[in-house]
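Read through the structure below, which is laid out as structure tokens, and then see the notes.
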Amino acid sequence: MHQQLLKLELTGFRTYETLSVPLEAEVVFFIGQNGAGKTSILEAIGVASVLRSFRGGNDRDMIRFGNPFYSITVDYSSAGKNSRQHVAFGRDPSLTQQKDARRMSLNGEKINRSSEFIGRLQTVFFSPDDIAIVDSGPAERRRFFDILLSSLFPGYYENLQNYQRTLKLRSALFKSNSKPDNVYLSSLDKELAKAGNVILGRRISFIKKFEPAFQKYVALISGSRDQWRIVYRPTILAQDERNYFQELEKNRSKDLRLRQTTCGIHRDQIAFLPEPAGSFEEQNPDLSRIASQGQKRTAALALKMAQYELTREVRGERPVLLIDDVLNELDSTRRKHFIHFLHEIGQALITTTDVDSIAAYLAERKDIRTLIYKIEDNHITLTNP
Ligand SMILES: Nc1ncnc2c1ncn2[C@@H]1O[C@H](COP(=O)(O)OP(=O)(O)OP(=O)(O)O)[C@@H](O)[C@H]1O
Ligand SMILES: [Mg+2]
């Protein structure tokens with residue numbers, strides 16, 4: 001079973017005033033020049049899936065210049081049922097209110113909580129920028145797993161929101177007050193321990209399952225040349241909430257001195273280490289410090305392939321793949337391996353600037369339904385041969 005997008009409708013999103021694209025096919029190509037609006041289409045589907053942009057930026061940036069809001073409507077089928085998901089952001093022209101707000105609905109029914117929206121439509125986004133997940137600091141790595149876990153496990157997102165909200169209060173307290181009230185501090189730490197411990201447990205057990213899938217795909221793309229372990233290094237090695245709380249308590253005087261919260265799930269490290277690292281471990285041979293450009297690219301791709309596999313395992317359905325300009329980035333052997341991977345997937349939307357890079361793929365896959373769209377001057381036309 002797999003999820004399948006049926007149709008996308010946009011209003012005031014990025015370069016698009018309005019757009020309506022049928023997507024009923026196993027593979028949908030978007031071909032266009034730089035700046036034509038290819039990534040924007042995948043980005044919109046991503047927002048309908050996890051309520052944030054894969055490009056990082058904020059919601060305002062996605063509103064077409066001069067428009068009061070953007071709106072995204074996605075029709076898709078999942079578990080044999082058709083659904084319609086809608087999300088809009090900005091000023092509602094029918095109301096007099098001037099503040100930006102988000103509005104969500106599912107099959108016409110209003111949804112108030114983000115946590116009820118996220119994770120219904122499952123997508124895996126492949127981008128050349130994915131290299132940042134393995135090449136930047138721990139924040140990018142945590143962000144990758146946090147978004148994934150939010151969309152896979154009900155409750156994760158809410159715990160993360162609670163945690164971040166409470167963490168802000170704690171930091172503000174330390175910044176404004178050199179002798180904070182202990183009762184209040186304890187109540188904050190209790191909140192942090194409660195949410196933090198759930199997140200910690202999820203991350204530990206998930207990364208354990210994620211690692212073998214990741215390793216399998218690294219081997220597949222690199223022809224077994226590369227090998228990496230994923231090592232999760234928590235700052236609090238708690239077994240339970242109480243233990244987590246006590247660790248926070250222990251660190252209070254240090255935190256007060258430094259005016260920040262120095263331990264907890266917001267400070268945890270996720271390391272990618274060569275196998276076997278053995279006695280070199282004290283040198284901290286993290287992928288970001290020792291891997292070549294191609295090895296980094298391979299690891300980034302494998303992360304997303306593993307995301308696909310784990311999503312399928314957890315949800316019992318294959319997610320939709322959104323593949324942004326990745327084919328152009330790969331050398332011919334890697335491209336071949338990646339295209340081979342695409343054989344087992346459900347539905348994929350693929351952008352590219354030149355048709356040549358997909359010719360081999362099209363020649364190989366005469367068996368499946370394909371749509372080829374060309375994007376030019378904000379117009380999208382079907383160009384199937
Ligand atoms: N809020 C906005 N309002 C209007 N136009 C925007 C907005 N945000 C971005 N754009 C424009 O949208 C266009 C489409 O960008 P997009 O990233 O989708 O292009 P692309 O086809 O993926 O290009 P590339 O091949 O370079 O990756 C760009 O020209 C960009 O300047
Ligand atoms: Mg692009």
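Note that ligands are numbered from 1 as they come in the structure, with each ligand's atoms numbered from 1 the same way.
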Check your understanding: Aromatic rings F144 and F210: how do their planes relate, parallel, tilted or perpendicular, breaks at 30° and 60°?
Key -> perpendicular
Specify the protein heavy atom at minimum distance from [atom]: its residue, its atom name, and the distance to 0.1 Å.
atom                    : answer
atom 26 (O) of ligand 1 : N34 ND2, 3.2 Å
atom 29 (O) of ligand 1 : G35 O, 3.3 Å
atom 19 (O) of ligand 1 : G37 N, 3.3 Å
atom 17 (O) of ligand 1 : R55 NH1, 2.9 Å
atom 9 (C) of ligand 1  : R14 CD, 3.7 Å
atom 11 (C) of ligand 1 : T15 CB, 4.2 Å

Exactly one of K81, Q4, Q85, Q122 clears side chain to side chain contact (heavy atoms under 4.5 Å, CB included) with Y76, and that residue is Q85
Scan L42, L322, L301 and name whichever one has a side chain to side chain contact (heavy atoms under 4.5 Å, CB included) with F126.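 Going through L42, L322, L301 one by one, the side chain to side chain contact (heavy atoms under 4.5 Å, CB included) with F126 is satisfied by L301 alone.
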Ionic contact status for [Y] with [X], cut-off 4.0 Å:
X    : Y    : value
E211 : R229 : no
K7   : E9   : yes
R312 : E309 : no
R141 : D286 : yes

- Message: If you scan the protein for heavy atoms around atom 31 (O) of ligand 1, do you find one that is closer than 4.0 Å?
- Response: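 Within 4.0 Å: no protein heavy atom nearby.
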>> Can you check which of E17, K38, R60 brings a heavy atom nearest to atom 20 (P) of ligand 1?
In response: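 Selected option, by shortest heavy-atom distance: K38.
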Inset, instruction - Please answer: with hydrophobic residues joined when any side-chain heavy atoms are less than 4.5 Å apart, are L152 and F214 in the same cluster? - result: yes
Report task. Treating Ile, Leu, Val, Met, Phe, Trp and Tyr as nodes and any side-chain heavy-atom pair under 4.5 angstrom as an edge, say whether L273 and I270 lie in one connected cluster. Result -> no
**OP:** Measure from the Mg ion (ligand 2) to each N, O or S atom of S40 and report whether any distance is below 2.8 Å.
**Re:** no
Can you confirm, on distance only, whether ligand 1 has an N/O atom lying under 3.5 Å from any N/O atom belonging to F65?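 So ligand 1 has an N or O lying under 3.5 Å from an N or O of F65.
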Check your understanding: Which bit of Q33 is near ligand 1, meaning a heavy atom under 4.0 Å away: side chain, backbone, both or neither?
Key ->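 The backbone, only.
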**Asked** Considering only heavy atoms, does I41 approach ligand 1 within less than 4.0 Å through its side chain, its backbone, both, or neither?
**Response**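 No part of I41 comes within reach of ligand 1.
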Is it true that, when you exclude E376 itself, more than 12 heavy atoms of the residues, nucleotides or ligands shown sit nearer than 6.0 Å to its CD?
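Result for CD/E376: open.
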Ligand-residue contact atoms, ligand 1 with [X], heavy atoms, under 4.0 Å:
X   : result
I63 : 1 (N), 2 (C), 3 (N)
T39 : 17 (O), 18 (O), 20 (P), 22 (O), 27 (O)
S40 : 14 (C), 15 (O), 16 (P), 18 (O)

